[in-house]
Amino acid sequence: MADTVKATQTVIKKYANRRLYHTGTSTYVTLEDLATMVQNGEDFVVYDARTGDDITRSVLTQIIFEQENKAGAENLLPVAFLRQLIRFYGDSMRTMVPSFLEFSMANFAKDQDGLREKFAQSFGPSAFQNAIEQQVRTNMNFFGDAMKMFTGFGPPAPGTQPSAPTQPTPYAGGELDDLKRQMLEMQQRLEALAKK
């Protein structure tokens, strides 16, 4: 059993009480410890202590299950992917799926540094910061223009002379004509702002 294991692999034994024993450090480990070992690139193989069977695949699947069920953790495996994977168990293409997934993950892992760099350039803090700064400038300009448009209705700005009140022109139509006149004045102010 252990003789066929590569020299770089650590042997983990799983006992009937479901405890995992790390033969390299002579300590018991948890699934979380094994997950950390995988993330650190440490290769290991898990054997059933009673039968000597290689149960590495089962333990790794259990680690994925635990990671997917952690409270508050973002799931890595989309539901559509899991359903499609289950469908392949009865499919004639089943034999091709492991090699395809292994090839895809190996290529993704090989290119992940380049992907991280491209992602950081495209969506990094500086990209968002520039976009936010531009949006703030646009909003402030819009707000400033809007305030200029309404300055005629409020008190004059400090240091400016109040304009002489305009005499209302008599309109025969009453309130409707008065509203039309106010809208015409606003339109003229907007046109004057647009020319600036």
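Quick caveat: nothing in here was measured; it's all calculated off a predicted structure.
The two residues Pro98 and Thr95 come nearest to each other via the heavy atoms CD-O, 3.6 Å. Of all heavy-atom pairs between Gln9 and Phe44, the closest is NE2-O, 4.3 Å. Among all heavy-atom pairs drawn from Leu76 and Glu68, the shortest one is N-OE2, 2.9 Å.
Applying the 4.5 Å side-chain rule to ILVMFWY residues, one finds Ile64, Leu77, Phe81, Leu82, Leu85, Phe88, Met93, Met96, Phe100, Leu101 in the same cluster as Val97.
Note that CD1 of Ile12 is 4.5 Å distant from CE of Met37, once rounded to the nearest 0.5 Å. Atom CE of Met105 is separated from atom NZ of Lys110 by 14.0 Å, given to the nearest 0.5 angstrom. Taking OG1 of Thr51 as the reference point, atom NZ of Lys14 lies at 11.0 Å (rounded to 0.5 Å). If you take CD on Gln67 and CD on Glu32, they are separated by 5.5 Å, rounding to the nearest 0.5 Å. Here Glu185 contributes atom CD and Arg181 contributes atom CZ; the two are 5.0 Å apart, rounded to the nearest 0.5 Å.
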(Q) Applying side chain to side chain contact (heavy atoms under 4.5 Å, CB included) to Val45 and Asp54, what does each step give before you reach the verdict? (A) CA-CA 7 Å; Val45 62; Asp54 184 344; 3.6 Å; yes
Go through the steps for Tyr28 and His22 under the test side chain to side chain contact (heavy atoms under 4.5 Å, CB included), then give the verdict. CA-CA 6 Å; Tyr28 286 99; His22 189 301; over 6 Å; no
Passes side chain to side chain contact (heavy atoms under 4.5 Å, CB included), Thr30 versus Leu34? Steps please. CA-CA 6 Å; Thr30 63; Leu34 294 181; over 6 Å; no
Candidate pair Arg87 and Arg83, rule side chain to side chain contact (heavy atoms under 4.5 Å, CB included), full reasoning: CA-CA 6 Å; Arg87 285 184 196 114; Arg83 287 187 175 137; 4.1 Å; yes
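Under a hydrophobic clustering in which Ile, Leu, Val, Met, Phe, Trp and Tyr are joined whenever their side-chain heavy atoms come within less than 4.5 Å, directly or via other members, Val29 and Leu60 fall into the same cluster. In terms of hydrophobic clustering, with Ile, Leu, Val, Met, Phe, Trp and Tyr side chains grouped at heavy-atom distances under 4.5 Å, Val46 and Val38 are assigned to a common cluster.
With hydrogens and angles ignored, the 3.5 Å screen pairs no side-chain donor or acceptor of Asp53 with any backbone N or O of Ile55. A donor-acceptor pair under 3.5 Å links the side-chain atoms of Thr23 to the main chain of Val11, judged by distance alone.
For Thr61, the side-chain contact (heavy atoms from CB on, under 4.5 Å) criterion is met by Arg57, not counting sequence neighbours.
Looking at heavy atoms from C-beta onward, Leu20 lies in side-chain contact with Leu31 at the 4.5 angstrom threshold.
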